[in-house]
Amino acid sequence: MGSFAFATPVILSALIVLPAIWWLLRLTPPRPKQEVFPPLAILATVLKREETPSKSPWWLTLLRMLMAAAIIFAIADPVLNPRSGTLSSQGPLVLLIDNSWSTAGDWQRRVETADMLIGDAERADLPVSLVLTADPTHDAVPGSAAAAREKLAAAQPRPQVPLRASAAEAVVEALNGTRPGTVAFLADGVSTPEDGDMMADISSLSPADVRLIEGDGEGAVALTDVSNTANAMAVTAARLTRDAPARYRINALDQQGRSLATTDIDFAAGAATASAALPAPFELRNDFARITIENKATAGATHLLDDGFKRRRVALLSGDGGNDLQPLLLPLYYISRALQPYADIIEPRGADLSAALPEILAGNPSAIIMADIGRLPADTYAPLQQWIARGGLLIRFAGPRLAAAPTDDPLVPVILRRGERALGGALSWAEPQPLADFPTFGPFAGMPPAEDVRVNRQVLAEPTPDLAERTWASLADGTPLVTTRQVEAGRIVLFHVSAEATWSNLPLSGNFVEMLRRLVQTARAGGAQAATSGSEAGVALPPYRLLTAAGILTAETGAAKPITVAAGQMPVASLDHPPGLYGSEDGFTAVNLLPAGTRLDPVSLSAEGLTITRDSLIGREAVSLRPALFTLAFLLLLIDGLIVLVINGGFSRPAKAGRGITAALLLALLPLAGLPTESRAQDAKPGDAQALERLDTTHLAYVITGEADVDRISEQGLEGLSQFLTYRTTLEPGDPVGLDITKDELSFYPIIYWPISATAPMPTAAAISRIDAYMRNGGTVLFDTRDQFTSLEGGTSANGQRLQEILANIDIPPLEPTPENHVLTRAFYLLTNFPGRYSGSPLWVEARQDARNSGSQISSSGDGVTPLLITGNDFAGAWAIDANGAPVLPTVPPDDMQREYAYRAGVNIMMYMLTGNYKADQVHVPALLERLGQ
């Protein structure tokens with residue numbers, strides 16, 4: 001059975017306040033009365049009987065007591081299987097932390113573990129020496145716990161392998177003979193060749209306690225080798241944990257991060273490495289930019305690809321078709337088999353070079369190999385030379401035809417002597433010649449000596465001052481075997497021996513395959529084109545994109561230094577050269593974290609005279625119950641809130657369900673609040689329900705004309721204006737309401753929109769009388785003829801005539817177009833006109849000066865608000881939106897700004913209806929003048 005303890009047991013003393021909480025919960029205050037504005041809703045419930053709250057029931061009080069106890073226990077932080085180890089007090093705490101690539105997946109747990117150890121040192125008043133093994137520099141001088149925490153907070157995983165020996169040396173130098181108490185090594189779990197040196201340094205310190213803290217190793221999976229084979233991209237991966245079989249998904253991504261191909265790589269039980277193939281066409285594989293392991297965001301699980309990984313298209317030409325019955329004597333037999341795993345071979349469809357060569361050049365291959373071709377057709381020299389100048393690679397092999405060709409051939413890299421040097425001839429050796437060591441420059445640099453290769457015939461080069469510089473391989477007597485010449489962006493390479501085994505046994509050796517592979521890799525993958533800078537061997541390439549520890553390419557190059565890449569060699573990542581892409585956008589070289597053949601072996605530390613205690617990262621063995629207790633308290637709080645809602649009738653009205661949910665959420669944020677728990681049913685008057693539904697919020701209303709199209713545009717228009725008001729102001733209107741003016745209550749609405757239609761039925765006298773009473777009592781009606789009329793008198797519009805018929809029975813006040821200084825022009829926005837779908841009609845309002853001098857009784861006394869507004873600009877048509885929020889009707893002329901100003905006109909009208917002549921006060925004049933720039 002596991003142990004149990006509290007991280008902060010002193011908090012448990014808060015349990016003594018539970019009786020006081022019980023007493024407070026039993027005393028519940030009266031429930032606040034909530035009423036809906038405007039005042040009619042208050043009048044509807046003014047005769048309710050006084051309610052007296054009662055005490056909360058015992059089971060609800062018990063529920064709240066349990067919630068309070070759960071919070072107290074959670075703050076005390078109970079822990080299952082708590083840590084039992086303590087730091088040695090005999091000296092400072094030394095923290096050696098691996099921040100290598102494999103720690104990216106569980107870095108936060110490592111930080112928490114290190115912070116826990118720093119906290120133990122702080123409580124014991126011990127200095128702390130903290131060293132990160134993947135950092136380029138180390139400050140191992142012991143300091144305060146606060147300084148160690150700052151250093152830990154700034155630490156991040158790095159895309160490097162750990163350099164543990166240098167970190168341990170820094171600790172030995174910093175302690176300067178001081179014996180440490182506890183040395184805690186937070187390892188990434190992967191062994192390195194430096195582990196023995198590190199343990200020797202730690203042993204020399206004679207620490208009192210050594211701890212090895214490591215994770216489970218599940219995240220340590222890396223790609224160690226990628227090669228582009230004949231039919232697929234071959235991938236090799238290594239893992240640290242080997243007990244059980246495992247499967248990982250491999251993705252091939254392009255430069256934009258899009259997945260081009262996927263496959264699975266399977267590790268057998270006990271296997272440390274596994275291989276897989278990413279099958280894809282040649283053209284698609286050339287678009288691969290990096291290979292990644294899915295869901296393993298580390299630098300080791302990302303393998304970058306550059307131009308060297310792309311397969312080249314190589315065309316083969318021969319001067320002699322040979323005999324298919326004797327394939328070993330064919331000039332191209334050994335070349336095609338040597339290049340087949342590394343390149344895509346193109347062979348002409350016929351033996352006529354004048355037809356075959358233009359066809360090959362049209363396909364823009366990366367390289368062309370000619371075996372024993374002396375003279376080409378005259379019309380093929382120019383296009384072939386242009387292809388070479390644009391970056392093509394021409395590789396030629398000697399033979400009888402080339403030996404007999406004229407010496408002025410422009411497609412050979414050096415001047416050749418006529419004839420050939422053969423064993424037993426005039427220019428012969430006493431015995432076949434071996435190859436000399438490859439020079440340190442050129443693509444063959446670093447290749448092992450070809451000890452078993454012998455040459456008995458060759459073509460000779462005329463001695464020139466630069467012959468040695470153009471020689472990439474030579475025989476033991478110093479005569480050239482492979483020569484080269486740069487031609488603008490391209491190159492010509494000549495093998496001074498034949499491509500088959502008659503002149504030498506070079507085609508029969510493994511060196512022949514490697515030499516051809518390296519030569520083809522120097523060709524451009526995309527064929528001949530403009531030359532790129534920085535692609536030559538030996539040039540220092542600056543960092544272009546670097547890989548983070550999480551396997552992400554970033555343009556932050558930091559302190560990375562330029563790297564010099566030797567021809568034919570794969571660069572290796574280091575502290576000065578982190579993994580990434582080096583070069584420029586036009587051409588770059590990939591530097592990956594791990595070299596080919598790397599194995600991930602578990603770390604195994606031992607030292608004579610030291611006892612090493614193994615431990616795990618925090619969060620595995622020790623389990624805190626704090627999250628579970630806080631979750632329990634929150635669930636109890638939700639249950640308490642729902643119980644209070646049920647008791648108080650929060651779900652009694654289905655129409656108020658949305659408000660009930662909001663109230664439940666608010667109650668959930670008020671823990672231990674004193675709430676009433678019993679309530680009597682409210683008394684209600686007949687007819688109150690319908691009134692309260694319309695009084696819960698402000699609604700925009702329109703007159704139902706009986707014409708479906710007109711009523712639909714009115715509803716959509718007021719819906720659009722309501723949404724605009726919600727987004728731009730603090731007013732949040734409810735859904736638009738269609739009114740039957742013959743029977744519906746009109747006094748609930750501050751303004752009614754009436755679209756005039758001459759084809760709609762004429763309102764009855766009783767309906768017009770109700771509208772008249774509505775305007776006399778402070779309401780406002782917005783009449784809209786929707787015909788862009790400009791005058792109220794003498795108009796010929798049918799809708800205008802219908803409006804005159806309606807207004808003929810209403811005692812309306814004198815009207816005038818909205819003056820420039822009217823409150824409507826500045827109620828919310830500053831406006832000069834009031835357009836809708838049209839912009840030609842003014843907005844007619846009550847003439848305020850004339851209204852005071854007239855005997856009209858309809859002149860509004862509602863805070864100076866005009867009782868009616870008249871326009872012909874079709875406001876609803878400009879405001880109307882569909883279910884997706886898109887305008888329904890176009891403006892005339894089509895203009896988005898006209899629609900914007902139509903919405904602003906609607907906002908000003910609504911604000912004018914709700915605030916009256918508030919903006920007419922002189923106190924607003926300075927601010928308005930400043931806005932106008934006057």
Side-chain angles (χ1 to χ4, degrees), residues 98-105 133-134 157-167 187-198 214-229 233-243 246-248 250-252 263 265-268 270-278 290-294 296-306 308-309 446 546-551 563 565-566 568-582 589-605:
D98 279 345
N99 59 328
S100 56
W101 64 272
S102 61
T103 63
T133 61
R158 296 174 60 86
Q160 302 286 354
V161 295
L163 301 177
R164 296 166 181 163
S166 60
D188 60 8
V190 182
S191 67
T192 69
E194 300 182 350
D195 291 351
D197 297 335
M198 177 191 67
E214 54 185 336
D216 50 24
E218 293 179 358
V221 182
L223 297 174
T224 57
D225 192 17
V226 174
S227 60
N228 201 351
T229 62
M233 187 75 75
V235 179
T236 302
R239 64 170 178 169
L240 183 63
T241 303
R242 310 169 185 176
D243 297 336
R247 169 174 292 183
Y248 299 97
I250 304 296
N251 287 328
T263 191
I265 187 168
D266 294 313
F267 287 89
T273 61
S275 299
L278 274 164
R290 61 184 182 272
I291 310 296
T292 63
I293 302 177
E294 192 172 285
K296 295 297 179 182
T298 66
T302 301
H303 195 94
L304 302 176
L305 306 178
D306 56 18
F309 283 89
L546 294 183
L547 203 63
T548 66
I563 188 172
V565 181
Q569 295 184 356
M570 294 297 295
V572 179
S574 63
L575 287 178
D576 291 335
H577 309 119
L581 303 177
Y582 289 76
T589 295
V591 177
N592 287 293
L593 175 66
L594 303 175
T598 300
R599 288 173 55 92
L600 302 182
D601 295 318
V603 63
S604 178
L605 303 181

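None of the values given here were measured: they were computed from a predicted structure.
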### Query
With a 4.5 Å heavy-atom cut-off, do Glu214 and Asp98 have their side chains touching?
no
### Message
Check this for me, if you would: do Arg164 and Asp197 make a salt bridge, where the nitrogen-to-carboxylate-oxygen distance has to be below 4.0 angstrom?
### Response
no
### Query
Does the side chain of Leu305 reach to within under 4.5 Å of the side chain of Met233, using non-hydrogen atoms?
yes
### Contact check, side chains of Pro579 and Leu304, non-hydrogen atoms, under 4.5 Å
no
### Query
Can you tell me how far CG of Leu546 sits from NE2 of His577, rounded to the nearest 0.5 angstrom?
11.0 Å
### Query
Does Asp601 offer a backbone N or O that forms a donor-acceptor pair with the side chain of Ser191 under 3.5 Å?
yes
### Query
Looking only at heavy atoms, what is the nearest atom pair of Ala237 and Ile265, with distance?
CB-CD1, 3.6 Å
### Test side chain to side chain contact (heavy atoms under 4.5 Å, CB included) applied to Ser102 and Leu240, Val161, Asp188, the passing residue
Asp188
### Query
What distance separates Thr224 OG1 from Leu600 CG, expressed to the nearest 0.5 Å?
8.0 Å
### Query
Tell me, do Glu194 and Pro162 make a side-chain contact under 4.5 Å, heavy atoms counted?
no
### Query
What is the distance from atom CG of Leu594 to atom OG1 of Thr236, rounded to the nearest 0.5 Å?
12.5 Å
### Summary
Between Asn251 and Glu294 the two heavy atoms that sit nearest each other are ND2-OE1, 3.1 Å
### Message
Please determine whether side-chain contact (heavy atoms from CB on, under 4.5 Å) holds for the pair Thr133 and Asn99, giving the CA-CA distance in whole Å, both sets of side-chain angles, and the decisive distance to 0.1 Å.
### Response
CA-CA 6 Å; Thr133 61; Asn99 59 328; 4.2 Å; yes
#### Entry: Shortest non-hydrogen contact between Pro157 and Ala104, atoms and distance
CG-CA, 4.0 Å
### Task
Run the numbers on Asn592 and Leu547 for side-chain contact (heavy atoms from CB on, under 4.5 Å), then give the verdict.
CA-CA 9 Å; Asn592 287 293; Leu547 203 63; 5.7 Å; no
